[in-house]
Every structure is written in C-alpha cells, then in structure tokens.
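None of the values given here were measured: they were computed from a predicted structure.
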Amino acid sequence: AIWRVNLAESQETPVSRSVNSELWPSISPDGERVAFQSARNLSRGNNLFNSSILVKSLKARDDRPTPLAEHGFLTAWSPNGSSIAFMRRVDDSVELMTVNPNGGGEQRLTSGGIPAIGYSVSPYNHIQSNAFAWSPDGSKIAYVSSRNGAANIWTVSVSDNSDTPVTENLGTDISYYCPIWSSDGKRLAFFTQRKSVNENSRTIRGLSIVDLASKKVTEVFAAETIFRLIGWTAEENGLIIAESEVQSGLPPETALKKV
C-alpha cells in the first residue's frame, strides 16, 4: 500500500490499497498525483522488476489508480510533470522508458543496458537514492552504463534519444551509481565504488563531481565506511551523505553528513 504522512500533524493516511504490493512512489511536481509500481505475488523481490506502472490523484482518495505501462519499475516525474520515466527489463538488459502521465506515448530512450537499482529484502529500500536523474530543464536524463566495457555517466535526450557520454572512465575496477544534477544543470555528482588494492581488500566508496562543459571529474570524498549519496547541499557547495553500519535493510542508526 502507498501511504502519506502530514508532517505538521504526524498523521498517516492511505493513498492506495491493493492486494498487490505497491511501492517506490514518486510525487508529481505540483503535488497532486503520485506514480508508483504495483507487483503481483511479490516474494523476496521476485517480481519487483516486473510491475505495473500506475498513477493516482492525491486529492480524490477513492479514485482508482490509472495504469500507464506494464513490466516496469522505479518511476520518476519530469520537472514540469509532463512525463514519467521508469525502468524496464528488455531481454537481458535494463533500459530507460518514458510515458505520458495521462496515458499513452510510451517511448524507449536507451539501448545497451543500464544497472538496475540495488535494494534490500522487504521493505525493499533503495541502496542508492536513484538510478537515473532528470536534468533541471527536463530535456535530458542522466544514467550509468557500462556499454563500452567500463562504467560511465551518460545523458540521453528525451526529444531525440541521442546519447552523450559525460565521463571518460576506462577502468573496469570501478562502478558508478546515483547521478544527481546541480540545480543549474552544469554539474553531476555521483557515487563510486571500487575494490581496494591494498592488503585488506576492502571496498572503497567515494563521491565525484563532473563538470559537463569540460568533462573534468573531481573526486570530493572517499572512505571505507558504508554510505549513500543523498544530494547537493542547499548552497551546492557540498554533498549530503547518509552513513550507516549496514548497506541494506533498516540500519539501527543513520548519520547525515556534509562532505
């Protein structure tokens, strides 16, 4: 079921209830609708990536959700609310799709495969904050792909499906995740992960920022601790991370930090 909470009154109310498992909601920019996925017979995530994409009004509690697409997961509204992006398994890969929130207009944006988002076993929390991100002007979507043999950040135009590599990584020992745009659309922050080459062989997690004009990548943070990227600070002079002792599930304690 999908629920919402009134922060001022700490009151929870159901938005949608179903015999299916409903999860991973995304609120429209005007706050009037919610997109989410509905999975039948969800057992330990078996059908998590094979769900129905639905949209529902937040104003009319009794209205039924409107089905938009099948065999999809992980919705995200465009900044102006004119489109909803989601992911879909296509043969042996995962690709980016868009659909009109009023129905119809389904479009495939990518080919070559992108990583599906990691999640914990029930309640299926994301390991990273997102798997792709709309640009502030809604013209592009940033995502990760290893189509050329190494992980890189790419952008795809939603108008003509043209792909552009943003980073130029050649190393196969490092993975990229969670691209997040700056508000001016000139930079992308992202999460990195690689196996250490030192004796303890621990995983090194980090944060980098790429300038889209120059394609210069700057590493801003690296640690062996478990954390995930939340987003930019309000002034966009730093990044916010959530640090915890475990990577998935419900951690006993999470610390928010600026780096």
Does the salt bridge (charged side-chain N to carboxylate O under 4.0 Å, His left out) test come out yes or no for R4 and E12, once each step is laid out?
CA-CA 6 Å; R4 63 180 171 184; E12 294 176 301; over 6 Å; no

So do the side chains of V55 and V34 get within less than 4.5 Å of each other, counting heavy atoms only?
no

In this structure, OG of S38 is separated from CD1 of I53 (nearest 0.5 Å) by 9.5 Å

May I have the step-by-step check of side-chain hydrogen bond (donor to acceptor under 3.5 Å, both in side chains) for E70 and S52, ending in yes or no?
CA-CA 4 Å; E70 295 297 324; S52 299; 2.7 Å; yes

With side chains defined as the heavy atoms from C-beta onward, is the minimum distance between T164 and K140 less than 4.5 Å?
no

Can you give me the closest heavy-atom contact between P67 and L54, atom names plus distance?
CA-CD2, 3.4 Å

Taking atom CZ of R40 as the centre, does the number of heavy atoms from other residues, nucleotides or ligands within less than 6.0 Å exceed 12?
no

More than 12 heavy atoms of other groups within 6.0 Å of D91 CG
no

D173 and R194: salt bridge (charged side-chain N to carboxylate O under 4.0 Å, His left out), yes or no, with the steps?
CA-CA 6 Å; D173 63 334; R194 74 166 79 220; 3.1 Å; yes

Is the closest side-chain donor-acceptor distance between T167 and N169 under 3.5 Å?
no

Would you say I114 ends up clustered with V158 if hydrophobic residues are merged whenever their side chains have heavy atoms under 4.5 Å apart, either directly or through other cluster members?
yes

When rounded to the nearest 0.5 angstrom, what distance separates CD1 in I180 from CZ in F132?
12.5 Å

Could you walk me through whether F190 and I209 pass the side chain to side chain contact (heavy atoms under 4.5 Å, CB included) check?
CA-CA 6 Å; F190 57 97; I209 296 174; over 6 Å; no

If you take all heavy atoms of G104 and V99, which pair is closest and at what distance?
O-CG2, 3.4 Å

Under a 4.5 Å side-chain heavy-atom rule over Ile, Leu, Val, Met, Phe, Trp and Tyr, are L96 and L48 clustered together?
yes

Whether the side chain of T233 engages the backbone of L239 through a donor-acceptor N/O pair (distance < 3.5 Å, no angle test) should be reported.
no

About how many Å separate CD1 of I2 and CD1 of I27, when rounded to the nearest 0.5 Å?
8.5 Å

Tell me the closest heavy-atom pair linking A76 and S26, and the distance in Å.
CA-OG, 3.6 Å

Is there a side-chain contact between V166 and N152, using heavy atoms and a 4.5 Å cut-off?
no

Is there a side-chain contact between W154 and V144 (heavy atoms, below 4.5 Å)?
no

May I ask you to check whether F73 and Y124 place their ring centers less than 6.0 Å from one another?
no

Min side-chain heavy-atom separation E106-N100 under 4.5 Å
no

For E95 and S93, run side-chain hydrogen bond (donor to acceptor under 3.5 Å, both in side chains): C-alpha distance rounded to whole Å, both residues' side-chain angles, the deciding distance at 0.1 Å, then the answer.
CA-CA 7 Å; E95 306 296 350; S93 64; 2.9 Å; yes

Derivation and outcome, side chain to side chain contact (heavy atoms under 4.5 Å, CB included), residues I241 and L256
CA-CA 6 Å; I241 64 170; L256 292 178; over 6 Å; no

Donor-acceptor contact present, side-chain D184 to main-chain K186, <3.5 Å:
yes

Rounded to the nearest 0.5 Å, what's the gap from OG on S111 to CZ on R147? Could you check?
6.0 Å

Output yes when a side-chain donor or acceptor of S244 lies under 3.5 Å from a complementary backbone atom of T254, and no otherwise.
no

Within the side chain of K258, is there an N or O that forms a donor-acceptor pair under 3.5 Å with the backbone of G238?
no

Closest non-hydrogen atom pair, P101 against S82
CD-O, 3.2 Å

Using atom types as modelled and distance alone, determine if a side-chain donor or acceptor of T98 lies under 3.5 Å from a backbone N or O of I84.
no

CZ/F86 to OG1/T75 distance, rounded to the nearest 0.5 angstrom?
9.5 Å

Can you confirm whether D92 is buried at CG, in the sense that more than 12 heavy atoms of other residues, nucleotides or ligands lie under 6.0 Å from that atom?
no

Could you check whether Y143 and N130, counting side-chain N and O atoms only, form a donor-acceptor pair closer than 3.5 Å?
no

Distance col, row L109:CG vs T155:OG1, nearest 0.5 angstrom, shows 11.5 Å

Would you say the side chains of S183 and E236 form a donor-acceptor pair under 3.5 Å?
yes

I'd like to know whether Q193 forms a side-chain hydrogen bond (donor to acceptor under 3.5 Å, both in side chains) with S175, so could you lay out the CA-CA distance, the side-chain angles of the two residues, the decisive distance to 0.1 Å, and finally the verdict.
CA-CA 5 Å; Q193 183 169 295; S175 300; 5.9 Å; no

Picking from F191, Y177, Y119, W24, what satisfies ring pair (Phe, Tyr, Trp, His ring centres under 6.0 Å) with H126?
W24

Over all atoms of both residues, closest heavy-atom pair of F227 and R205
CE2-CB, 3.6 Å

Find out whether T203 and E224 are in side-chain contact, i.e. whether some heavy atom of one side chain is under 4.5 Å from a heavy atom of the other.
no

Do side-chain atoms of R228 reach the backbone of A242 as a donor and acceptor pair under 3.5 angstrom?
no

Should W232 and F221 be counted in the same cluster of Ile, Leu, Val, Met, Phe, Trp and Tyr side chains packed under 4.5 Å apart?
yes

Main-chain N/O of R187 paired with S182 side-chain donor or acceptor, under 3.5 Å
yes

Cluster question for you: counting only ILVMFWY and a side-chain heavy-atom cut-off of under 4.5 Å, with indirect links fine, are L23 and F36 together?
no

Side chain of N47, backbone of N50: donor and acceptor closer than 3.5 Å?
no

Quick check: does any side chain N or O of S78 sit under 3.5 Å from a backbone N or O of G138, one acting as donor and the other as acceptor?
no

Shortest non-hydrogen contact from A142 toward P179
O-CG, 3.7 Å

Is the shortest side-chain heavy-atom distance between W134 and N80 below 4.5 Å?
no

Less than 4.5 Å apart, any side-chain heavy atom of V210 and any of T218?
no

Taking S146 for the side chain and G149 for the main chain, is one N or O donor matched with an acceptor at less than 3.5 Å?
no

Cationic tip of R33 within the cone over W77's six-membered ring, i.e. under 6.0 Å and within 45° of the normal?
no

For residues V156 and I153: do they belong to one hydrophobic cluster (side chain heavy atoms under 4.5 Å, members Ile, Leu, Val, Met, Phe, Trp, Tyr)?
no

